[in-house]
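Please read the structure below before turning to the comments.
Chain identifiers are assigned alphabetically (A, B, ...) following the order of the sequence lines, protein sequences preceding nucleic acid strands; residue numbering begins at 1 within each chain.
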2 protein chains.
Amino acid sequence: MGTQGRNSGQRRGSAHDRILDAASRRFYTEGIAATGIDAIITEAGVAKMSLYNNFASKSALVEAYVERRHAEWLALYATRRATAASPVERILAVFDAYIDHAEDAYDHGFRGCGLLNAAAELPAGDAGRHAVRTHKEEVEGILRGELLALTTPERADALATHLSFLLEGSMARAGLAGAPDLLHTSRALAAQLLTTA
Amino acid sequence: MGTQGRNSGQRRGSAHDRILDAASRRFYTEGIAATGIDAIITEAGVAKMSLYNNFASKSALVEAYVERRHAEWLALYATRRATAASPVERILAVFDAYIDHAEDAYDHGFRGCGLLNAAAELPAGDAGRHAVRTHKEEVEGILRGELLALTTPERADALATHLSFLLEGSMARAGLAGAPDLLHTSRALAAQLLTTA
DNA sequence: GCTTAAATATACCGTACGGTCTAATTAAGC
DNA sequence: GCTTAATTAGACCGTACGGTATATTTAAGC
């Protein structure tokens, strides 16, 4: 940001947005390294210099992509949480948000969690990897917070970790299967776990 | 395979093996797309033509890498299973094999499950992706088989899926954290789940 | 309507990629 | 010791990569 000033909102379909849209689609469905700058600008219908006027480098674009996917999920989660009536439903809203996000991508090639896939392409110390780690810890933190309405802090901790593993594990398997069905399975397992505990 | 015939065993440190060794290390720690052919042959101490005499292409090398990692895990699992004394221990042997495999990589940069990371780099219909899917289903099948000694087929099915999610989820989170600790956490959660059920 | 900034097209840069060719060398099998 | 196959070094290929330079056009703000 910074220099855009008064132009902050920008007109509909600004170069910045179209680029990030196209990059997000390609990064998710084809992978990051497999997606070249030229493919992005072609799909965005934009000049190459417009990309480099809006993003410092490809890896800056990747960072924006990662942040955006996490923000998308947070928005989906906020919607689900707003209509959840009980503590258990508020916990399951996290699973619902995962399902919503997955079903967004299902039509045009579901390949699992975009953040985990991105991290898998990044080297060990990369900033993007750390960002993904933080996002996943945030999700577990949300789970823990909601669980505190149900049980002791100690059990909330353990259960939050357990549910996070169910979430990420089912997402990994669902991505391999190419369909979000397994996410419903993990939601059901979580629901069962919460009612028996 | 096929044409090697009498030379099947090959001498120690054959080009084929040194190439696959080097490629496996690089693919795992740096990622597949980020690892060039030149980096592999340099690390293997081998001529470029030796690579193409042993592997048809880079993606053939990737397939060999995927198969090899799965075979490594199967071997670790077989060892763990052989000394497991009870049905529960035989189930936890699957978790132990995951831990063993992870700790192999911990010294030189732990980045989670090599198979899942590889799949994350492959396009939607790729053969390697399907291979990874099959391997993960095989692991779940092993869990289901061991669980049949403990409970009904229906509950074994559900529990196998549950344990598989715990496994893969904890592996994903552990990879992001850069340390295998969370695998011990999921093993403990699994043990608890098995004793209370 | 003038100014200022964003976005454009196009040519270009060096480099690295996956992969091939050739010719020479090494080593194993009989 | 001869044959046969594996391995080697190194030049080479076309292509695609991420990124830059420049000059021009488009469009928004006042």
Side-chain angles (χ1 to χ4, degrees), chain A residues 1-24 26-27 30-66 118 121-123 126-128, chain B residues 1-24 26-27 30-66 118 121-123 126-128:
Chain A
M1 328 303 161
T3 43
Q4 56 195 115
R6 63 180 170 222
N7 210 10
S8 190
Q10 303 199 318
R11 75 177 191 284
R12 205 200 87 94
S14 70
H16 179 281
D17 292 356
R18 292 210 310 277
I19 291 165
L20 189 47
D21 284 350
S24 296
R26 290 290 193 126
F27 285 163
E30 322 267 327
I32 291 172
T35 299
I37 294 292
D38 291 338
I40 294 171
I41 62 169
T42 298
E43 180 158 333
V46 129
K48 188 181 261 193
M49 273 312 293
S50 292
L51 192 155
Y52 285 101
N53 284 337
N54 285 281
F55 302 93
S57 65
K58 185 186 180 179
S59 63
L61 228 191
V62 173
E63 283 188 42
Y65 162 67
V66 166
E121 294 201 48
L122 299 174
D126 191 280
Chain B
M1 326 299 164
T3 42
Q4 57 196 113
R6 64 182 172 226
N7 209 9
S8 190
Q10 304 199 319
R11 75 175 191 286
R12 204 200 87 95
S14 70
H16 180 281
D17 292 356
R18 292 211 309 277
I19 291 164
L20 189 47
D21 284 350
S24 298
R26 290 291 192 126
F27 285 163
E30 324 265 329
I32 292 170
T35 299
I37 295 291
D38 291 339
I40 295 172
I41 62 170
T42 298
E43 181 158 332
V46 129
K48 187 181 263 195
M49 274 311 294
S50 292
L51 191 154
Y52 285 101
N53 284 337
N54 285 281
F55 301 91
S57 63
K58 186 186 178 180
S59 62
L61 228 191
V62 172
E63 283 187 43
Y65 162 66
V66 166
E121 293 201 49
L122 299 173
D126 192 280

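Donor-acceptor pairing under 3.5 Å, judged by distance alone, is absent between the side chain of Lys58(B) and the base of dG19(C). Between the base of dG19(C) and the side chain of Lys48(B) there is a donor-acceptor pair shorter than 3.5 Å.
Going from atom CG of Leu61(B) over to atom P of dC17(C) covers 15 Å, rounded to whole Å. Here the C1' atom of nucleotide dA5(C) and the NE2 atom of His16(A) are 16 Å apart, to the nearest Å. Here dT8(C) presents its C1' atom at 13 Å from CG of Asn54(A), a figure rounded to the nearest Å. The interatomic distance linking Tyr52(B) (OH) with dG10(D) (C1') rounds to 16 Å, in whole Å. A straight line from CG of Asn53(A) to P of dG19(D) spans 14 Å, rounded to a whole angstrom. For Asp17(A) and dA6(C), the CG to C1' distance is 14 Å, given to the nearest whole Å. Rounding to whole angstrom units, CZ of residue Phe55(B) and C1' of dA6(D) are separated by 14 Å.
Both Met49(A) and Ile32(A) lie close to DNA chain D; mapped to their nearest nucleotides by heavy-atom distance, the more 5′-ward contact belongs to Ile32(A).
With contacts defined as side-chain heavy-atom distances shorter than 4.5 Å, the pair Ile19(B)/Ile41(B) does not qualify.
The two atoms that bring Val46(B) and Ser50(B) nearest to each other are CG1-CB, 3.8 Å, heavy atoms only. Minimum heavy-atom separation, Ala39(A) to Arg26(A): CB-NH1, 4.0 Å. Residues Ala118(B) and Tyr65(B) share a closest heavy-atom pair of CB-CE2, 4.4 Å.
Between Phe55(A) and His16(A), the ring planes lie parallel to each other; the angle is under 30°, not in the 30° to 60° tilted range.
The list of salt bridge (Lys or Arg N to Asp or Glu O under 4.0 Å) pairs with a residue in residues 44-61 of chain B, not counting sequence neighbours, reads Asp38(B)-Lys48(B).
Within residues 33-42 of chain B, the residues approached by DNA chain C to less than 4.0 Å at the level of any non-hydrogen atom are Thr35(B), Gly36(B), Ile37(B), Asp38(B), in residue-number order.
Checked by atom type and distance alone, the side chain of Ser59(B) never pairs as donor or acceptor with a backbone atom of Val62(B) at under 3.5 Å.
Neither OP1 nor OP2 of dA6(C) sits under 4.0 Å from any side-chain N or O of Arg18(A).
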